[in-house]
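One structure is given here, and the rest of the page talks about it.
Computed from heavy atoms alone, side chains included, the values below leave out hydrogens, waters and symmetry copies. Numbering starts at 1 and runs along the sequence shown. Only a predicted model underlies this, so the values are computations on that prediction, with no experimental measurement involved.
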Amino acid sequence: MLNTLRNNPLLLTDSYNLSHARLKCNMDWEVSHLYNRKEGMILYGLREMVTELISIQITEAHVKEAERCAAMQGLIFPTELFLRVVNECNGYAPIAVESVPEGTWCPAGTPFAQVYNTVEGFGELVTWWEGMFMHAYFPSGCATEAFHMRRYLEEKQMEHGCDDGFLWRIHSFGFRGHRSLEDAYWAGTAWNLSLQGTDDFHTTHHTPHAMIGSIAALAHKVTQQYDDEMACFMHAIDSTADAGEKIVALVIDTYDANRVIEQYLPELGRHARQRGIRIVMRPDSGDVLEQAIAIYRVAQANDLLDAVGVIIGEGMNFEQVKRYDARLEAEGVPLAFVAYGVGSGFYNHIDRDTHGWAMKTAYSNGKDRMKFAMVALKRSIPGRVRLVRLNGELTAVAYEETETETVGDNVYETIYMHEGVGVPHMMNAGAAFWNEVRDRIRVQNPQQQAIKLSAAIERKIAALAEKYL
């Protein structure tokens, strides 16, 4: 992840927060929730973002710099508030951040994280880093997309009675399409939580225990070196065999993809079989699905299905995978014969609104609070809560409720806690934690579509509605 230690943590906020300390009538105690208001999702990335950011010890130098930056915008920085953090709290934000365990399926409307201050008078710090907390929408969105792709592969594997090699059909081609290394880190590690084929080489460092793999492959730059394209393909087969590997992908559209399919493929397939190699033909322009079907027909006619396959990497995303698979099934082409390389189509549609991320106040100025809004989707949950499983469903219950305490434990875990003295308590993020997230994802059931609310919370909402609506 991008090293946030290079930044002043006080600057990682929205400018309007600078005025809130004086606009509020009370900063004694506050509670806020983070929600995925729109759709169910897998939570991933929040713990690392939180602990990297608010574990930075705030100094007077940070405050002075923030004052200068505020003046550049014609604003006044809440210096007094943050000097209290420096002088009274050892430079650490006196707040607590709770979240569901990462890798958990969160139905729509889940308060998947809860933030509150632990020392009186620091309520404004609860939402100071709201914008940074929101950035976890991207790893969570990627983890959710990969989760759905894995489930799709498992369903098709069962439907067609295929072996576990079927789960390698979707491969990441995403590294080069990212806007930043930080995005590449989050998308690549999220992919590895559920999927196995990847060309994101950097993730071998971040997820050292992931079950991932890739294959040797031609690129256009290699084929273009050769005066004879066929000689390039034959050399690729031979050098792969000599290296002791078993698979090589051959990009076929450097010049004429149809010529490769109709004229070269039979000889290439026979040579590959002789050398113990499987060649994976990669159509990369034109009607790539029609080319894939044509490759299957030629391989079938020449009894080469054991030595030939296809990977399509042109313009792929999850929806395209499903459309192409439906066409292959209609044409009688075994799905295991065709794999897909998914690049920016994995992540370029994911933004904060994909799952409806938001952070809303639940308690402030001595009372439970909520946002009603004009549409139910944007309504929040009042009061501090606990999350428990009732009858197998994730349910928000009022923190003070007692009748549900024997039903199940609080799902929340405290990922950051500083009570104003010493150093914060934090839950670590790293390779071992990533393994836990991966294992948790594998057993998640996405059947629950919306969070359940206890009767006590429903009564709170009704009372607030009567007062404000």
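Rounded to the nearest 0.5 angstrom, Ile215 CD1 and Glu245 CD are separated by 9.5 Å. Here Phe175 contributes atom CZ and Thr203 contributes atom OG1; the two are 10.0 Å apart, rounded to the nearest 0.5 Å. Taking CD1 from Ile252 and CG from Leu265, the interatomic distance works out to 8.5 Å, rounded to the nearest 0.5 Å. Considering CG of Asp164 and CG of Leu153, their distance stands at 11.5 Å, rounded to 0.5 Å. Put simply, CG on Leu250 and SG on Cys232 are 8.0 Å apart, with the number rounded to the nearest 0.5 Å. With rounding to the nearest 0.5 Å, the separation of CG in Asp228 from OG1 in Thr223 is 11.5 Å.
Ion pairing between Glu319 and Lys322 holds under the 4.0 Å rule for side-chain N and carboxylate O. A salt bridge is defined here as a Lys NZ or Arg NE, NH1 or NH2 lying under 4.0 Å from an Asp or Glu carboxylate O, and Glu290 with Arg327 meets this definition. Remark: Glu331 engages Arg297 in a salt bridge, criterion side-chain N to carboxylate O under 4.0 Å. With respect to the salt-bridge test (charged N to carboxylate O, under 4.0 angstrom), the residues Asp306 and Arg273 qualify.
Exactly one residue among Asp199, Val342, Ile212 makes a side chain to side chain contact (heavy atoms under 4.5 Å, CB included) with His171. That residue is Asp199.
Take Glu130 and apply the salt bridge (Lys or Arg N to Asp or Glu O under 4.0 Å) test, not counting sequence neighbours, and it matches no residue. Annotation: ring pair (Phe, Tyr, Trp, His ring centres under 6.0 Å) contacts of Trp128 (sequence neighbours excluded): Phe77, Phe82. Qualifying ring pair (Phe, Tyr, Trp, His ring centres under 6.0 Å) partners for Phe138, counting only residues two or more places apart in sequence or in other chains: none. A search for ring pair (Phe, Tyr, Trp, His ring centres under 6.0 Å) contacts involving Tyr468 returns nothing, not counting sequence neighbours. Partners of His355 according to the ring pair (Phe, Tyr, Trp, His ring centres under 6.0 Å) rule, which considers only residues two or more places apart in sequence or in another chain, do not exist here.
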(request) Mind running side chain to side chain contact (heavy atoms under 4.5 Å, CB included) on Glu229 and Tyr264 for me, showing each step along the way? (result) CA-CA 10 Å; Glu229 186 180 27; Tyr264 298 169; 3.7 Å; yes
(request) Evaluate the side chain to side chain contact (heavy atoms under 4.5 Å, CB included) criterion for residues Thr110 and Leu387: first the C-alpha distance (whole Å), next the side-chain angles of each, then the deciding distance (0.1 Å), finally the verdict. (result) CA-CA 9 Å; Thr110 298; Leu387 287 180; 4.1 Å; yes
(request) Given salt bridge (Lys or Arg N to Asp or Glu O under 4.0 Å), test Glu159 with Lys156 step by step and report yes or no. (result) CA-CA 5 Å; Glu159 180 182 334; Lys156 286 295 182 183; 3.5 Å; yes
(request) Show your working on salt bridge (Lys or Arg N to Asp or Glu O under 4.0 Å) between Arg442 and Glu154 and close with a plain yes or no. (result) CA-CA 11 Å; Arg442 295 292 170 85; Glu154 290 173 339; 5.9 Å; no
(message) Run Ile441 and Ser194 through side chain to side chain contact (heavy atoms under 4.5 Å, CB included) and show every step you take.
(response) CA-CA 8 Å; Ile441 285 177; Ser194 295; 3.6 Å; yes
(message) side chain to side chain contact (heavy atoms under 4.5 Å, CB included) for Thr354 and Asp351? Distances and angles first, verdict last.
(response) CA-CA 5 Å; Thr354 301; Asp351 59 28; 3.3 Å; yes
(request) Before giving the answer on ring pair (Phe, Tyr, Trp, His ring centres under 6.0 Å), spell out for Trp357 and Phe112 the whole-Å C-alpha distance, their side-chain angles and the decisive distance to 0.1 Å. (result) CA-CA 10 Å; Trp357 275 50; Phe112 59 82; 4.6 Å; yes
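The aromatic rings of Tyr296 and Phe337 stand perpendicular to each other, their planes meeting at an angle above 60°, with 30° marking the opposite boundary. Taking the six-membered ring where tryptophan is involved, the planes of Phe346 and Trp191 are perpendicular, since the angle between them exceeds 60° and thus also 30°.
The backbone N or O of Ala362 lies less than 3.5 Å from no partner atom in the side chain of Arg384, so there is not a single donor-acceptor pair. Using modelled atom types, one side-chain atom of Gln444 and one backbone atom of Trp105 make a donor-acceptor pair closer than 3.5 Å. Tyr226 places no side-chain N or O within donor-acceptor distance of the main-chain N or O of Phe233, the cut-off being under 3.5 Å. Of the possible donor and acceptor atoms, none in the side chain of Asp14 sits under 3.5 Å from a partner among the backbone N and O of Tyr16. Checking side-chain atoms of Tyr35 against main-chain N and O of Ile381 turns up a donor-acceptor pair under 3.5 Å. With Trp434 contributing its side chain and Ala210 its backbone, the two residues share no donor-acceptor pair below 3.5 Å. Checking side-chain atoms of Gln114 against main-chain N and O of Ser99 turns up no donor-acceptor pair under 3.5 Å.
Counting non-hydrogen atoms of other residues, nucleotides and ligands closer than 6.0 Å to OH of Tyr255 gives a total above 12. Sparse packing is recorded around CE of Met211, with 12 or fewer heavy atoms of other residues, nucleotides or ligands lying under 6.0 Å away. Enclosure of atom NZ in Lys378 is not indicated, since only 12 or fewer non-hydrogen atoms of other residues, nucleotides or ligands lie within 6.0 angstrom. In the displayed structure, Asp227 atom CG is contacted under 6.0 Å by at most 12 heavy atoms of other residues, nucleotides or ligands. In this structure, Glu393 places its CD atom where more than 12 heavy-atom neighbours from other residues, nucleotides or ligands lie under 6.0 Å away.
With 3.5 Å as the limit, one finds a donor-acceptor pair spanning the side chains of Tyr185 and Glu48. Checked by atom type, the side-chain pair Glu401/Ser454 shows a donor-acceptor distance below 3.5 Å. Tyr44 and Thr189 share a side-chain donor-acceptor pair at under 3.5 Å.
Two rings, from Tyr116 and Tyr363, have their centers 6.0 Å or more apart. For Tyr152 and His148, the ring centers are positioned 6.0 Å apart or more.
Stacking of Arg150 on the aromatic ring of Phe147 is not recorded, the 6.0 Å distance cut-off and the 45° axial limit not both being met.
Side-chain contact between Arg389 and Leu394: present, with at least one pair of heavy atoms (C-beta onward) separated by less than 4.5 Å. With a 4.5 Å cut-off on side-chain heavy atoms, Val310 and Val333 do not count as touching. The shortest side-chain heavy-atom distance between Arg282 and Val280 does not fall under the 4.5 Å cut-off. Taking the side chain as every heavy atom from C-beta outward, Glu102 and Phe433 approach each other to under 4.5 Å. Side-chain contact check for Met230 versus Glu267: some heavy-atom pair is nearer than 4.5 Å.
Nearest heavy atom pair, residue Gly309 against residue Arg278, reads CA-NH2, 3.5 Å. Minimum interatomic distance between Asn36 and Glu39 (heavy atoms only, all atoms of both residues): ND2-O, 2.8 Å. Across Met359 and Ser32, no two heavy atoms sit closer than the pair CE-CB, 3.7 Å. A pairwise comparison of heavy atoms in Thr13 and Asn17 identifies OG1-ND2, 2.7 Å as the closest pair.
Applying the side chain to side chain donor-acceptor pair (under 3.5 Å) definition to pairs two or more places apart or across chains, those involving residues 232-242 are Asp238-His271, Asp238-Arg275, Asp242-Arg275.
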